[in-house]
Amino acid sequence: DLCQPIVWWCGHCKTRFSTKEEKLEHINQGCKSSCPECGETFTERRRLMRHIRGMHPKRCEIPGCGMLVKKWSEKRHIAIHHSEIKEVPCSVCGKLVNEYDI
């Protein structure tokens, strides 16, 4: 729609601006995002997200578990602690090994 005003977005913090100049001023002043858990600040959103995933574990939500698990290891935790571990033949020697060790 031609009547809609152009909106400028900061690619880092997702703040909206009505002019390109406002956006550039915001960026030049040092746009930063802070971690909601510890307050550490980051100039790039992707670094903040990597920090949160790696540094702030959450409790496993499976009833009876409650272990602290970092986001990047959540799938492995579930596979090891909440499912049957299967043995599969090694593709090199044929020996049965834990499928998560491959």
Side-chain angles (χ1 to χ4, degrees):
D1 188 333
L2 296 175
C3 295
Q4 293 292 334
I6 294 175
V7 177
W8 298 89
W9 294 84
C10 173
H12 173 67
C13 69
K14 309 301 182 206
T15 302
R16 295 183 338 172
F17 302 95
S18 57
T19 67
K20 183 177 181 179
E21 290 74 24
E22 287 178 347
K23 174 189 170 186
L24 292 175
E25 182 179 343
H26 167 79
I27 292 170
N28 289 335
Q29 289 177 355
C31 173
K32 294 181 182 173
S33 293
S34 60
C35 174
E37 296 285 327
C38 67
E40 187 173 347
T41 58
F42 298 87
T43 56
E44 294 180 21
R45 184 168 174 74
R46 65 183 175 88
R47 292 182 190 269
L48 168 63
M49 299 314 290
R50 183 171 56 198
H51 163 80
I52 291 171
R53 285 191 306 270
M55 298 304 293
H56 300 294
K58 66 175 191 167
R59 294 237 175 246
C60 177
E61 296 174 0
I62 295 175
C65 181
M67 285 181 66
L68 287 173
V69 181
K70 292 182 181 176
K71 182 70 176 172
W72 56 266
S73 65
E74 191 172 20
K75 287 181 183 178
R76 183 171 171 83
H77 165 78
I78 289 171
I80 292 172
H81 297 282
H82 302 293
S83 66
E84 291 184 28
I85 298 174
K86 300 173 188 160
E87 290 189 333
V88 294
C90 171
S91 61
V92 177
C93 67
K95 179 181 172 186
L96 290 177
V97 294
N98 180 327
E99 69 180 333
Y100 303 107
D101 291 335
I102 295 177

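No hydrogens, no waters, no symmetry mates; every other heavy atom, side chains included, goes into these values.
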Rounded to the nearest 0.5 Å, how far does [atom2] of [Y] lie from [atom1] of [X]?
X: His81; Y: Cys60; atom1: NE2; atom2: SG; answer: 9.0 Å
X: Cys35; Y: Glu40; atom1: SG; atom2: CD; answer: 7.5 Å
X: Leu68; Y: Lys58; atom1: CG; atom2: NZ; answer: 11.5 Å

Next item on the list: For Arg47, check salt bridge (Lys or Arg N to Asp or Glu O under 4.0 Å) against everything at least two apart and list the hits.
Entry: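 Salt bridge (Lys or Arg N to Asp or Glu O under 4.0 Å) check on Arg47 returns Glu44.
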Notebook entry, point to check: side chain to side chain donor-acceptor pair (under 3.5 Å) with Glu25: which residues, sequence neighbours excluded?
Noted result: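 Glu25: side chain to side chain donor-acceptor pair (under 3.5 Å) contacts with Gln29.
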Check: With sequence neighbours left out, what residues match Ser18 under side chain to side chain donor-acceptor pair (under 3.5 Å)?
Finding: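 Here the qualifying residues are Glu22.
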Item checked: Hydrophobic cluster (4.5 angstrom, side-chain heavy atoms) - remaining members for Ile62 ->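 Via sub-4.5 Å side-chain contacts, Ile62 links to Ile78.
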Item checked: Side-chain cluster (under 4.5 Å, hydrophobic types only) that Met67 belongs to, other residues ->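 Met67 clusters with Val69.
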Notebook entry, point to check: Is the closest side-chain heavy-atom distance between Cys65 and His77 below 4.5 Å?
Noted result: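 Yes; the side chains approach each other to less than 4.5 Å.
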Next item on the list: Could you tell me which residues satisfy ring-ring contact (aromatic ring centres under 6.0 Å, His included) with His51, sequence neighbours excluded, listed by chain and number?
Entry: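 Phe42, His56.
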Margin query: Ignoring hydrogens, what is the shortest heavy-atom contact between Lys23 and Cys10? Give both atom names and the distance.
Written below: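 That would be CE-CA, 4.4 Å.
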Once side chain to side chain contact (heavy atoms under 4.5 Å, CB included) is applied, do any residues pair with [X], and if so which ones, sequence neighbours excluded?
X: Ser34; result: Thr41
X: Trp9; result: Val7, Arg16
X: Lys20; result: Trp8, Leu24

